[in-house]
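Notes follow the structure.
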Amino acid sequence: VGGNLRVDGTVSANGGNGMNDRSGGGAGGSIFLTAQSFAGSGLLSANGGVGEPFAGGGGGGGCISIWYGATSFSGTTIAYGGGGYGRGGAGTVYTRVSTQATGKVLVDNSGRTGAGTGLLPGPLELFDLTAQGGAVVSPTYSQSWGNLLVASNASISLPYGAPTITLTVTNNATIQAGGIITGDGTGNPGGYGTGAGRGAYSSYGYVGGGGGYGGYGATVARSEEHTSELQS
């Protein structure tokens, strides 16, 4: 839009609902709006569709991107995952003032935890990231953000089996009470990797991984730890 864009009605690209037994909901689509100014009190929606309730998963939320010179929009912008046997992951809402070098990304799933929302690293843009409303952000690559807010019922969860991922925040990072950043249980499969436990047994039982010994604990960790305990 070359001039003012005013939305008091609805602009939507929602995914379709599952129609057959065990069918999943469709993913939300994408909405990309640019205007000199953006106003109104309407609805922008790219929600995932609802899966068949007994076995169909909900569709993931879509992507909404809004670029403007100025805004007074007071409406609602949502990209929620759809409901179903398993709820779909939240989509993303990106907003950016045309004169600024970076924008903001909101990941919100309407208070309901679902599948993870993958994020690819932006093209040389340190956007601000906010995760809220039960969203689970699952970056598959290292990320750099300007500011980070993880609200009380949201999380950043590193995916299982991913390579080493570095999360960098150049300005401020806030993890509210109940907000989570976790890499729990995302290492190598059992029996593999430098931190794998070995089939060694003692009166203390079988030995776990030796991360505290630089990843090579195993039987060495067992003998040294037991020796120190006996000495103490």
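- Under the 4.5 Å side-chain contact rule for hydrophobic residues, Ile175 and Val107 share a cluster.
- Asn147 places a side-chain N or O within 3.5 Å of a backbone atom of Asn172 that can act as its donor or acceptor partner.
- To the nearest 0.5 Å, the span separating OG1 on Thr95 from NZ on Lys104 amounts to 6.5 Å.
- Legend: side-chain hydrogen bond (donor to acceptor under 3.5 Å, both in side chains) pairs involving residues 70-79, not counting sequence neighbours: none detected.
- Between atom CD1 of residue Ile165 and atom CG of residue Leu158 there is a gap of 5.0 Å, rounded to the nearest 0.5 Å.
- A search for side chain to side chain donor-acceptor pair (under 3.5 Å) contacts involving Asn17 returns nothing, not counting sequence neighbours.
- Sequence neighbours left out, the pairs with a member in residues 174-183 that pass side-chain hydrogen bond (donor to acceptor under 3.5 Å, both in side chains) are Thr182-Asp184.
- Among all heavy-atom pairs drawn from Gln143 and Pro139, the shortest one is CG-CB, 3.7 Å.
- Residues Phe127 and Val137 share a single hydrophobic cluster, defined by chaining ILVMFWY side chains whose heavy atoms lie under 4.5 Å apart.
- The side-chain hydrogen bond (donor to acceptor under 3.5 Å, both in side chains) analysis of residues 109-120, with sequence neighbours excluded, yields the pairs Ser110-Arg112.
- Among residues at least two apart or in separate chains, side-chain hydrogen bond (donor to acceptor under 3.5 Å, both in side chains) pairs with a member in residues 56-67 are Ser65-Trp67.
- Side-chain contacts under 4.5 Å among hydrophobic residues (ILVMFWY), followed directly or transitively, place Leu43 together with Ile78, Tyr80.
- Across Ala177 and Ser152, no two heavy atoms sit closer than the pair O-CB, 3.0 Å.
- Residues that satisfy the side chain to side chain donor-acceptor pair (under 3.5 Å) test with Glu52, not counting sequence neighbours, are absent from this structure.
- No continuous path of ILVMFWY side-chain contacts below 4.5 Å connects Tyr141 to Leu126, so the two sit in separate hydrophobic clusters.
- When atom types are taken as modelled, the side chain of Asn153 and the backbone of Gly133 share a donor-acceptor pair closer than 3.5 angstrom.
- Taking the side-chain contact (heavy atoms from CB on, under 4.5 Å) definition, one finds that Thr166 meets it with Ser142, Thr168, sequence neighbours left out.
- Linking ILVMFWY residues whenever their side-chain heavy atoms come closer than 4.5 Å, directly or via other members, places Phe73 and Val97 in the same cluster.
- Qualifying side-chain contact (heavy atoms from CB on, under 4.5 Å) partners for Leu148, counting only residues two or more places apart in sequence or in other chains: Leu129, Trp145, Val150, Ile156, Val169, Ala173, Ile181.
- With sequence neighbours excluded, no residue satisfies side chain to side chain donor-acceptor pair (under 3.5 Å) with Ser98.
- Between Ser37 and Asn4, the closest heavy-atom pair is OG-OD1, 2.7 Å.
- Not counting sequence neighbours, the partners of Tyr94 by the side chain to side chain donor-acceptor pair (under 3.5 Å) test are Arg96, Glu125.
- Pairing each heavy atom of Ala154 with each of Ala131, the nearest pair is CB-O, 3.3 Å.
- Here the side chains of Leu106 and Thr92 are not in contact, with every heavy-atom distance at 4.5 Å or above.
- For residues 17-32, there are no salt bridge (Lys or Arg N to Asp or Glu O under 4.0 Å) pairs, not counting sequence neighbours.
- One distance of note links CG of Leu5 with OG1 of Thr34; it measures 8.5 Å at 0.5 Å rounding.
- When hydrophobic clusters are built by joining Ile, Leu, Val, Met, Phe, Trp and Tyr residues whose side-chain heavy atoms come closer than 4.5 Å, directly or via intermediates, Val105 is grouped together with Leu167.
- The minimum heavy-atom distance linking Ala79 with Gly62 is given by the pair CB-O, 3.6 Å.
- The structure places CD1 of Ile31 at 4.5 Å from CD1 of Ile64, a figure rounded to the nearest 0.5 Å.
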